[in-house]
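Structure first, then comments.
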2 protein chains.
Amino acid sequence: MSNKTKSSYAISKQLLNRLPLYLNYLKDFADREGYISAPLIANAMKLNEVQVRKDLAAVSSSGGKPKTGFAAGQLIRDIEKFLGYDNVNEAVIAGTGHLGSALLSYKGFDEYGLKILMGFDLKDELVGTSIAGKQVLHIDKLEDVCKRLKIHIGIITVPASFAQEVCDRMVAGGILAVWNFAPVHLTVPDHVVIQNENMAASLVVLSKHLAEKLEKKEEGI
Amino acid sequence: MSNKTKSSYAISKQLLNRLPLYLNYLKDFADREGYISAPLIANAMKLNEVQVRKDLAAVSSSGGKPKTGFAAGQLIRDIEKFLGYDNVNEAVIAGTGHLGSALLSYKGFDEYGLKILMGFDLKDELVGTSIAGKQVLHIDKLEDVCKRLKIHIGIITVPASFAQEVCDRMVAGGILAVWNFAPVHLTVPDHVVIQNENMAASLVVLSKHLAEKLEKKEEGI
DNA sequence: TAGATTGTTAATCGATTAACAATC
DNA sequence: TAGATTGTTAATCGATTAACAATC
């Protein structure tokens with residue numbers, strides 16, 4: 001029997017975006033020996049109570065107890081399991097400029113099951129160095145290394161103009177999932193998944209909201 | 001007369017996320033003197049044609065011409081205007097570690113109308129230095145500087161454990177919009193907008209998709 | 001018990017997609 | 001003209017929220 005979700009509640013992208021929020025909250029504020037309820041989380045996150053309840057129901061192994069809620073420690077483990085934080089995924093990163101080296105250095109990814117093994121770049125002054133104890137190899141070795149180590153995840157932090165070419169090399173090396181930080185639309189074969197980390201889009205949402213606020217302020221009242 | 005949208009097509013978060021994608025595509029591939037059609041963009045981005053058409057109709061000042069499409073140069077300007085890329089928003093950043101300095105150094109934000117003026121940190125070895133020509137001041141000056149310069153946007157790249165406190169200081173300094181890179185839920189008054197740059201969530205979506213791929217591969221056909 | 005909370009079914013809401021007339 | 005594309009109204013789809021019985 002496979003571990004499919006019991007109910008028909010879909011594993012939507014939205015759900016996958018909310019779960020890490022719950023997890024942060026639980027880890028920071030919940031007494032792991034105690035219980036926590038959906039209304040409590042909903043209130044803290046300013047989300048609808050039913051939504052949180054459904055989300056928790058979808059991932060909780062043991063369910064909650066009426067009147068008391070969910071065992072916090074178990075719930076944390078359940079969410080982590082659901083999110084796959086206990087399976088390690090190995091990744092490589094192409095582009096070791098500011099952003100690339102920030103990602104290479106970031107300790108927090110371990111927690112999410114992401115292990116960035118090494119970086120690739122084409123600049124001679126970077127190749128051969130190491131960042132946060134991880135080697136930087138020449139970009140020409142990218143395809144080969146991915147193949148040999150059977151890496152499935154590639155992270156792209158090269159300038160926009162190189163991104164497609166780097167992406168093609170990753171795909172040629174057997175990469176199945178690409179996390180793209182370059183502000184371009186990448187074309188990949190159907191069997192490859194792309195996740196765009198769209199900072200411009202984030203920024204736009206923020207500045208639009210801000211513009212509204214400022215307008216209201218000007219209008220008075 | 002205010003520049004509200006003509007139609008009732010809502011300015012959804014989704015729309016705001018798609019527009020930068022169109023913009024990238026247009027800038028990279030469109031002949032600015034020529035014309036571009038919704039079906040063409042839709043095809044390149046693998047989106048529904050009607051959706052693109054509606055999106056373009058919502059932002060285009062002059063509309064498109066049946067059979068020919070939209071004037072590419074004008075469309076680029078319209079999208080940029082709609083997204084507010086021509087209004088400069090000044091921002092400060094708290095936390096000048098790897099990620100913070102990557103953001104401080106990133107040239108691309110200009111294009112989006114974001115101007116990061118300076119950084120703040122509490123580490124003595126960082127305070128007084130400058131990153132990409134931008135000063136790093138002591139975090140204790142954050143509130144004061146925001147007030148004096150009437151900064152509206154604060155970017156948080158401090159460790160999770162400091163994020164709430166830094167956020168509070170920003171709010172006290174009159175910040176109205178917070179771009180939060182720390183993996184915690186921040187509590188702010190109603191008049192402040194938060195945009196969480198949720199890398200963990202992105203990563204989860206990616207690794208879930210990857211897991212599906214790998215499962216299918218194992219099952220064979 | 002009374003009351004809080006869970007889990008689930010039904011109603012609502014909003015975004016996407018389909019259908020189609022208008023236009024160049 | 002014929003055909004591609006626009007703009008818009010209607011239908012569909014999916015996610016969120018409301019309502020409510022079950023439970024401790």
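Each chain gets a letter, A, B and so on, in the order the sequences are listed, and its residues count up from 1. Side chains included, hydrogens not; waters and symmetry mates left out as well; all remaining heavy atoms used.
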Looking only at atom types and distance, does a side-chain atom of [X] sit under 3.5 Å from a main-chain N or O of [Y], one as donor and one as acceptor?
{"X": "A:Asn180", "Y": "A:Val184", "result": "yes"}
{"X": "B:Asn48", "Y": "B:Val50", "result": "yes"}
{"X": "B:Lys213", "Y": "A:Leu176", "result": "no"}
{"X": "A:His152", "Y": "B:Leu210", "result": "no"}

Would you kindly give the [atom1]-to-[atom2] distance between [X] and [N], to the nearest whole Å?
{"X": "B:Lys13", "N": "D:dT16", "atom1": "NZ", "atom2": "C1'", "value": "15 Å"}
{"X": "A:Gln14", "N": "D:dC13", "atom1": "CD", "atom2": "P", "value": "18 Å"}
{"X": "A:Leu56", "N": "D:dT16", "atom1": "CG", "atom2": "P", "value": "14 Å"}
{"X": "A:Gln51", "N": "D:dG14", "atom1": "CD", "atom2": "P", "value": "17 Å"}
{"X": "B:Leu75", "N": "D:dG7", "atom1": "CG", "atom2": "P", "value": "11 Å"}
{"X": "A:Glu49", "N": "C:dT6", "atom1": "CD", "atom2": "C1'", "value": "10 Å"}

Interface residues of residues 30-46 of chain B with DNA chain D (non-hydrogen, below 4.0 angstrom):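 B:Ser37, B:Ala38, B:Pro39, in order of number.
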
Please give the nucleotide sitting opposite C:dA4 as a Watson-Crick or G-U wobble pair, both distances under 3.5 Å, or none.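 Because both required distances fall under 3.5 Å, C:dA4 counts as paired with D:dT23.
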
With a 3.5 angstrom cut-off on both distances, give the Watson-Crick or G-U wobble partner of D:dG14, or none if there isn't one.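 The answer is C:dC13, by the H-bond criterion.
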
Parallel, tilted or perpendicular for A:Phe29 and A:Tyr25, by the 30°/60° rule?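 Judged by the thresholds at 30° and 60°, the geometry between A:Phe29 and A:Tyr25 is tilted.
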
Mutual orientation of the aromatic rings belonging to B:Trp179 and B:Phe181 [parallel < 30°, tilted 30-60°, perpendicular > 60°]: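 Plane angle between 30° and 60°, so tilted.
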
Considering only NZ, NE, NH1 and NH2 on the basic side and carboxylate oxygens on the acidic side, decide whether B:Glu212 and B:Lys208 come within less than 4.0 Å.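 Salt bridge between B:Glu212 and B:Lys208, a charged N being under 4.0 Å from a carboxylate O: no.
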
What is the distance from atom CG of A:Leu16 to atom CZ of A:Phe82, rounded to the nearest 0.5 Å?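 Separation between the atoms: 6.0 Å.
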
Using the 3.5 Å cut-off, write out each protein N or O paired with an N or O of nucleotides 18-24 of chain D and the distance between them.
none

Map B:Gly64 and A:Leu15 onto DNA chain D by nearest heavy atom, then report which one ends up closer to the 5' terminus.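 Looking at DNA chain D, the more 5' nearest nucleotide goes with B:Gly64.
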
Distance-only polar pair, side chains of A:Gln164 and A:Asp168, donor-acceptor under 3.5 Å: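 On atom types as modelled, these side chains qualify, holding a pair under 3.5 Å.
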
